[in-house]
Protein chains: 2
Amino acid sequence: MRLSKRERQKKLKLSLEAEPFLTDEEMARRFGVSIQTIRLDRMELGIPELRGRIKHMAEKNFDGVRSLYPEEVIGQVTELKLDHSGVSELEIREEHVFARHRVARGHHLFAQANSLAVAVVDAEVVLTATASIRFVRPVRLGEKCVAVARVTKVTSNRTQVDIQTFVEDEVVFQGVFDVYRSKEDQ
Amino acid sequence: MRLSKRERQKKLKLSLEAEPFLTDEEMARRFGVSIQTIRLDRMELGIPELRGRIKHMAEKNFDGVRSLYPEEVIGQVTELKLDHSGVSELEIREEHVFARHRVARGHHLFAQANSLAVAVVDAEVVLTATASIRFVRPVRLGEKCVAVARVTKVTSNRTQVDIQTFVEDEVVFQGVFDVYRSKEDQ
DNA sequence: CCACATGTTAGTACCAAGTACTAAATCAGT
DNA sequence: ACTGATTTAGTACTTGGTACTAACATGTGG
């Protein structure tokens, strides 16, 4: 007997944590036992079959990850009057702060403001051209940032958007975004 | 005929984007056609079978997501002379661009620059205070952004960092970051 | 009105990666 | 040598398909 049952099951569990895409067949080959043995092991350990594992992984980050990073807008837009004003909310969570001192990394506040600035402008193509920003005070884990946007100037192909971000009644961030816009082509 | 072929295929595609876990059987039921029709549709549209879709999703964020967002530094820092200069590289991928026109969202370029500005300053606590930035030209999917930082001024508790980001030899982003720093406490 | 094209359905054989179950073989230790 | 645990073999069945063939339906142009 190459390995005791206990040992094999322990290794099996570890292997599957590291490589969840292994089939029973492959595992049987690796441990030099029959496929049935592997299946009995999985039964005893309560480990679901390959397809179940894969599906579980896919489900887990279907409505997790989807909205984590690739959001079109960072933060939740709560009010929006195109070419006029808008409001967006963002709660500062673990993933937004420096592990060290739990203060939000600046680019998240910027991302919220930038997203809102872009969202508030009504055009086919909207891109930020320039921005001047100020981080008034550090924002900490758990605080809710409310960004308020107001369109302040509109020229032929540029729109200026002023943004102020609040925690409660306190301004924590402010910025002036100069946004380029165009219709359709190019 | 309930729906034209084109219509059905269009809806099929949209349905699967929203609910990738649908089986052919379920789709056939929903559209009131045979399972074979659905399969022909998938063939024509180049949509893989359920298991393929699920597996793809699971794989994508098995060694993808883990390091996607919670990076301390956005981009890969390749050179770093503390309180002097630094270089960071960021390849623009799917998750960085607008789905529409494949142009990188501004806050990613900002995040790269901001991370680098903070990384280059040698202190216990480093926070961005103000920044003035300019998106010189749009950056597209697949382009590699190289951000170059240079410390230009140091006062008692502030450091000024100038950043230029290049794609090949072309400047695509530039910014001046005024960074607050302090030792140890609060 | 016939013919041919396009679209749809039916049906078969086959596959991967299993479950569920039965039965036989092997081993370990007393 | 016998007993109980462990391992292996083998069969039937399942899901959600692929790949392929053949028939049927519905037009649409000539």
Side-chain angles (χ1 to χ4, degrees), chain A residues 1-68 70, chain B residues 1-68 94-95 99:
Chain A
M1 203 190 294
R2 301 169 211 287
L3 288 162
S4 79
K5 193 179 171 183
R6 287 197 67 78
E7 275 184 311
R8 177 171 20 85
Q9 293 193 344
K10 213 165 183 177
K11 289 200 177 184
L12 189 78
K13 209 170 178 174
L14 292 171
S15 299
L16 283 179
E17 269 160 37
E19 301 172 80
F21 295 91
L22 294 177
T23 61
D24 288 357
E25 200 180 358
E26 172 61 15
M27 318 255 289
R29 204 190 53 71
R30 289 200 189 182
F31 290 107
V33 296
S34 76
I35 207 168
Q36 281 82 353
T37 300
I38 296 295
R39 283 173 183 165
L40 283 172
D41 285 347
R42 273 200 301 101
M43 297 293 109
E44 289 180 23
L45 296 170
I47 297 172
E49 61 166 311
L50 172 62
R51 281 140 165 166
R53 299 194 300 269
I54 290 179
K55 191 172 181 191
H56 186 75
M57 290 170 65
E59 274 168 344
K60 218 173 51 185
N61 28 35
F62 176 58
D63 25 47
V65 164
R66 185 200 266 290
S67 61
L68 183 70
Chain B
M1 205 189 295
R2 300 165 212 288
L3 289 162
S4 79
K5 192 180 174 181
R6 288 198 65 78
E7 275 184 312
R8 174 166 28 81
Q9 293 193 343
K10 212 165 183 177
K11 290 199 176 184
L12 189 77
K13 210 168 178 177
L14 292 172
S15 300
L16 283 180
E17 268 161 37
E19 300 172 80
F21 296 89
L22 294 177
T23 61
D24 288 357
E25 200 180 358
E26 171 61 16
M27 318 255 290
R29 205 192 52 73
R30 289 199 190 183
F31 290 107
V33 296
S34 74
I35 207 168
Q36 282 81 354
T37 301
I38 296 295
R39 285 174 181 163
L40 283 173
D41 285 347
R42 272 200 301 100
M43 298 292 109
E44 289 181 24
L45 297 171
I47 297 172
E49 61 165 312
L50 172 62
R51 281 142 164 164
R53 298 193 303 268
I54 289 179
K55 190 170 181 192
H56 186 76
M57 291 171 64
E59 273 167 344
K60 219 173 50 184
N61 27 35
F62 177 57
D63 36 36
V65 166
R66 196 188 290 280
S67 61
L68 184 71
E94 273 306 334
E95 67 264 31

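A note on names: the letters A, B, ... follow the listed sequences, proteins ahead of strands, and every chain is numbered from 1.
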(message) Assuming nearest nucleotide by heavy-atom distance, tell me which of A:Glu49 and A:Gln36 is located more 5' along DNA chain C.
(response) A:Glu49

(message) Quick one: does any side-chain atom of A:Ser15 pair with a main-chain N or O of A:Lys11 as donor and acceptor, under 3.5 Å?
(response)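 Between the backbone of A:Lys11 and the side chain of A:Ser15 there is a qualifying donor-acceptor contact (under 3.5 Å).
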
(message) Given 3.5 Å as the limit, does a donor-acceptor pair link the side chain of A:Arg53 with the main chain of A:Pro48, or not?
(response) yes

Which whole-number value in Å describes the distance from [X] [atom1] to [N] [atom2]?
X       : N      : atom1 : atom2 : answer
A:Leu22 : C:dA16 : CG    : C1'   : 16 Å
B:Lys55 : D:dG16 : NZ    : C1'   : 15 Å
B:Leu40 : C:dG11 : CG    : P     : 16 Å
B:Ile38 : C:dT8  : CD1   : P     : 10 Å
A:Glu44 : D:dT6  : CD    : P     : 8 Å
B:Phe31 : C:dT8  : CZ    : C1'   : 16 Å
B:Ile35 : D:dG16 : CD1   : C1'   : 8 Å
B:Ile54 : D:dT15 : CD1   : P     : 15 Å

Please state whether the base of [N] and the side chain of [X] form at least one donor-acceptor pair under 3.5 Å?
X       : N      : answer
A:Arg39 : C:dT19 : no
B:Arg51 : D:dG16 : yes
B:Glu25 : D:dG16 : no

(request) Measure across B:Ile54 and A:Lys55 and return the closest heavy-atom pair with its distance rounded to 0.1 Å. (result)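 Closest heavy-atom pair between B:Ile54 and A:Lys55: CG2-CA, 3.6 Å.
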
(request) Identify the two heavy atoms, one from A:Asp24 and one from A:Arg42, that lie closest to each other, and give their separation to 0.1 Å. (result)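 Minimum heavy-atom contact is OD2-NH2, 2.6 Å.
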
(request) Select one nucleotide: of D:dT8, C:dA17, D:dG17, the one nearest the side-chain heavy atoms of A:Thr37. (result) D:dT8

(message) Does this structure show an ion pair linking A:Arg39 with A:Glu44, if we count only N-O contacts that are shorter than 4.0 Å?
(response) no

(message) It should be established whether A:Arg8 places a side-chain nitrogen or oxygen under 4.0 Å from OP1 or OP2 of nucleotide D:dT7.
(response)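 So the side-chain polar atoms of A:Arg8 do come within 4.0 Å of the phosphate oxygens OP1 or OP2 of D:dT7, strictly under.
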
(request) With heavy atoms under 4.0 Å as the rule, sort A:Arg53 into base, sugar-phosphate or nothing. (result)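 Answer is nothing: A:Arg53 stays at 4.0 Å or more from every strand.
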
